[in-house]
Amino acid sequence: MKITGPITIKASGPRFGAWMTDPIASEKNNRVWYMEGFTTSKIVREYKSMADFVTGAESRTYTLPVKWAGTSHLVYNGSLYFNKYQSNIIIKYSFSTGKILSQRSLDNAGFNNVYPYTWGGYSDIDLMADEFGLWAVYATNQNAGNIVISQLRQDTLEVLKSWSTGYPKRSAGESFMICGTLYVTNNHLTGAKVYYSYSTKSSTYEYMDIPFHNQYFHISMLDYNARDRALYAWNNGHQVLFNVTLFHIIKTDSDV
């Protein structure tokens with residue numbers, strides 16, 4: 001893997017926040033959602049396009065029924081998935097109806113800054129999507145505070161399968177999922193790099209050294225978008241994109 005950039009899309013908001021597009025929306029649908037802070041707000045801002053986001057032309061504002069925790073939210077197939085504040089409950093919220101479609105407790109998951117990423121911010125539960133669907137990344141006492149990866153059903157939020165890793169959640173800066181593999185950064189500050197990966201296909205891990213440029217010195221959100229093949233990041237009040245290049249190993253007969 002190679003990570004290049006970042007491309008700075010906009011400088012706005014506080015030090016912490018989240019912004020995202022829907023990875024399974026059509027190419028014509030480039031709506032952007034923007035959520036400031038990590039516990040104090042219930043306001044989600046929507047923009048019809050990346051250009052509108054840059055100029056600040058909001059198309060719609062949503063007020064969620066409850067506050068969120070952290071910055072690890074996800075928009076997927078027209079719904080917002082987020083962690084309810086002061087709980088290990090995951091909520092699926094419909095933008096079209098303005099109602100909660102589903103909610104479920106993530107059994108044994110730490111919350112309320114028990115197992116956050118290195119930057120804190122109630123980032124205990126990280127919701128993400130890749131080419132294989134929905135995932136939750138968190139830690140439990142049962143796994144000694146190490147990262148647990150769970151694949152979720154899109155409709156009911158039921159856990160389909162879980163993998164227990166040996167990487168301490170509180171030592172991870174951020175993480176993101178690509179093709180069923182979780183990639184973990186070693187911190188959120190200058191010098192951060194992708195340091196560890198865990199494959200859910202083979203249930204194996206490896207340490208690695210993939211650098212990327214933490215231009216504004218503090219990352220509080222880092223998520224992969226499979227449609228754009230890019231990492232969306234909130235970099236100290238800047239909304240930035242990193243391009244991701246994936247290298248595939250091709251085996252020949254002589255390798256077998």
Side-chain angles (χ1 to χ4, degrees), residues 14-18 20 35-42 44 64-74 80-93 100 102-129 134-153 156-177 182-189 192 194-198 200 203 205 207 218-224 233-236:
R15 193 175 195 187
F16 314 99
M20 64 216 87
M35 301 165 70
E36 292 185 348
F38 54 78
T39 58
T40 56
S41 180
K42 295 192 288 186
V44 182
L64 301 179
V66 296
K67 290 181 180 180
W68 65 72
T71 58
S72 302
H73 327 299
L74 170 70
L80 173 69
Y81 297 78
F82 66 97
N83 174 209
K84 182 181 177 182
Y85 180 48
Q86 292 187 325
S87 77
N88 58 10
I89 294 172
I90 302 169
I91 289 178
K92 178 183 180 181
Y93 171 85
I100 292 174
S102 184
Q103 56 183 317
R104 183 180 291 268
S105 177
L106 201 55
D107 288 347
N108 301 315
F111 62 93
N112 219 29
N113 263 349
V114 173
Y115 295 123
Y117 288 127
T118 53
W119 64 273
Y122 297 83
S123 56
D124 304 69
I125 296 172
D126 193 346
L127 302 174
M128 55 188 77
L134 257 59
W135 305 85
V137 171
Y138 55 98
T140 64
N141 289 336
Q142 289 81 353
N143 198 36
N146 295 322
I147 288 175
V148 175
I149 306 165
S150 290
Q151 190 165 22
L152 307 178
R153 273 189 60 138
T156 64
L157 306 178
E158 177 188 357
V159 172
L160 300 173
K161 188 175 179 180
S162 293
W163 294 259
S164 296
T165 80
Y167 196 93
K169 176 75 163 48
R170 294 179 68 98
S171 296
E174 275 287 345
S175 69
F176 54 91
M177 207 86 181
L182 182 73
Y183 295 90
V184 181
T185 68
N186 61 339
N187 67 61
H188 62 285
L189 302 171
V194 178
Y195 181 70
Y196 174 92
S197 70
Y198 187 94
T200 60
S203 299
Y205 70 90
Y207 288 93
H218 187 288
I219 289 178
S220 61
M221 171 240 170
L222 188 67
D223 275 318
Y224 179 69
W234 192 287
N235 199 183
N236 208 2

Atom CZ of Phe111 and atom CD1 of Ile89: how far apart are they, to the nearest 0.5 Å? 8.5 Å
Measure from the side-chain N and O atoms of Trp234 to the backbone N and O of Pro14, and report whether any donor-acceptor pair falls under 3.5 Å. yes
When every non-hydrogen atom of Ala69 is compared with those of Lys84, the smallest separation belongs to CB-O, 4.2 Å
Partners passing side-chain hydrogen bond (donor to acceptor under 3.5 Å, both in side chains) against Asp124 (at least two apart in sequence or in another chain): none
Any side-chain to backbone donor/acceptor pair from Thr71 onto Ser220? Under 3.5 Å, distance only. yes
I'd like to check Asn146 versus Tyr167 (side-chain heavy atoms, cut-off strictly below 4.5 Å). Are they in contact? no
Identify, with sequence neighbours excluded, every residue that meets ring pair (Phe, Tyr, Trp, His ring centres under 6.0 Å) alongside Tyr115. none
Taking the side chain as C-beta and beyond, is there a heavy-atom pair between Gln86 and Lys67 under 4.5 Å? no
What I'd like to find out is whether the side chain of Leu64 reaches to under 4.5 Å of the side chain of Leu80, using heavy atoms alone. yes
Please name all residues satisfying side-chain hydrogen bond (donor to acceptor under 3.5 Å, both in side chains) with Glu36, sequence neighbours left out, ordered by chain then number. Tyr34
Least distance between heavy atoms, Leu127 atom then Ile90 atom: CD1-CG2, 3.8 Å
Considering residues at least two apart in sequence or located in another chain, which fulfil the ring pair (Phe, Tyr, Trp, His ring centres under 6.0 Å) criterion with Tyr195? Tyr207
Step-by-step side chain to side chain donor-acceptor pair (under 3.5 Å) determination, Tyr138 to Asn88: CA-CA 10 Å; Tyr138 55 98; Asn88 58 10; over 6 Å; no
How many angstroms lie between atom CE of Met128 and atom CG of Leu182, to the nearest 0.5 angstrom? 5.5 Å
Centroid-centroid distance, Tyr198 to Tyr205, less than 6.0 Å: no
Tell me if the aromatic rings of Tyr93 and Phe82 count as close, with their centers under 6.0 Å from one another. no
Tell me which donor-acceptor pairs under 3.5 Å the side chains of residues 156-163 have, and how far apart each pair is, sequence neighbours excluded?
unit_1: Thr156; atom_1: OG1; unit_2: Glu158; atom_2: N; d: 3.2
unit_1: Ser162; atom_1: OG; unit_2: Ser150; atom_2: OG; d: 2.6
unit_1: Trp163; atom_1: NE1; unit_2: Thr200; atom_2: O; d: 3.2

Indicate the atoms forming the closest heavy-atom contact of Ile125 with Gly110, along with that distance. CG1-O, 3.9 Å
How far does CZ of Arg153 sit from NZ of Lys92, to the nearest 0.5 angstrom? 10.0 Å
For a quick test of reading the model, state the closest non-hydrogen atom pair linking Leu152 to Ala136 and the distance between them. CD1-CB, 4.0 Å
Which pair of non-hydrogen atoms, one from Ile147 and one from Asn143, has the smallest distance, and what is that distance? O-ND2, 3.3 Å
Please check: side-chain N/O of Trp68 versus main-chain N/O of Ser41, any donor-acceptor pairing under 3.5 Å? no
Side chain to side chain donor-acceptor pair (under 3.5 Å), that's the test. Do Ser175 and Tyr117 meet it? Break it down for me. CA-CA 9 Å; Ser175 69; Tyr117 288 127; 2.7 Å; yes
Could you go through the side chain to side chain contact (heavy atoms under 4.5 Å, CB included) check for Val148 and Gln142 one step at a time? CA-CA 10 Å; Val148 175; Gln142 289 81 353; over 6 Å; no
Taking only residues two or more places apart in sequence, or in another chain, which ones meet Arg104 in a salt bridge (charged side-chain N to carboxylate O under 4.0 Å, His left out)? none
Treating Arg170 as the side-chain partner and Val114 as the backbone partner, does any N or O pair qualify as donor plus acceptor under 3.5 Å? yes
Restricting to non-hydrogen atoms, name the atom on Thr118 and the atom on Gly173 that form the minimum distance, rounded to 0.1 Å. OG1-CA, 3.4 Å
Run the numbers on Phe16 and Trp119 for side chain to side chain contact (heavy atoms under 4.5 Å, CB included), then give the verdict. CA-CA 10 Å; Phe16 314 99; Trp119 64 273; 3.5 Å; yes
Rounded to the nearest 0.5 Å, what separates atom OG in Ser197 from atom CZ in Phe176? 9.5 Å
Identify the residue among Asp223, Asp126, Val194 that makes a side chain to side chain contact (heavy atoms under 4.5 Å, CB included) with Glu174. Asp126
Taking the side chain from Asn113 and the backbone from Tyr122, do they hold a donor-acceptor pair closer than 3.5 Å? yes
Exam field: side chain Asn235 to backbone His218, donor-acceptor pair closer than 3.5 Å: yes
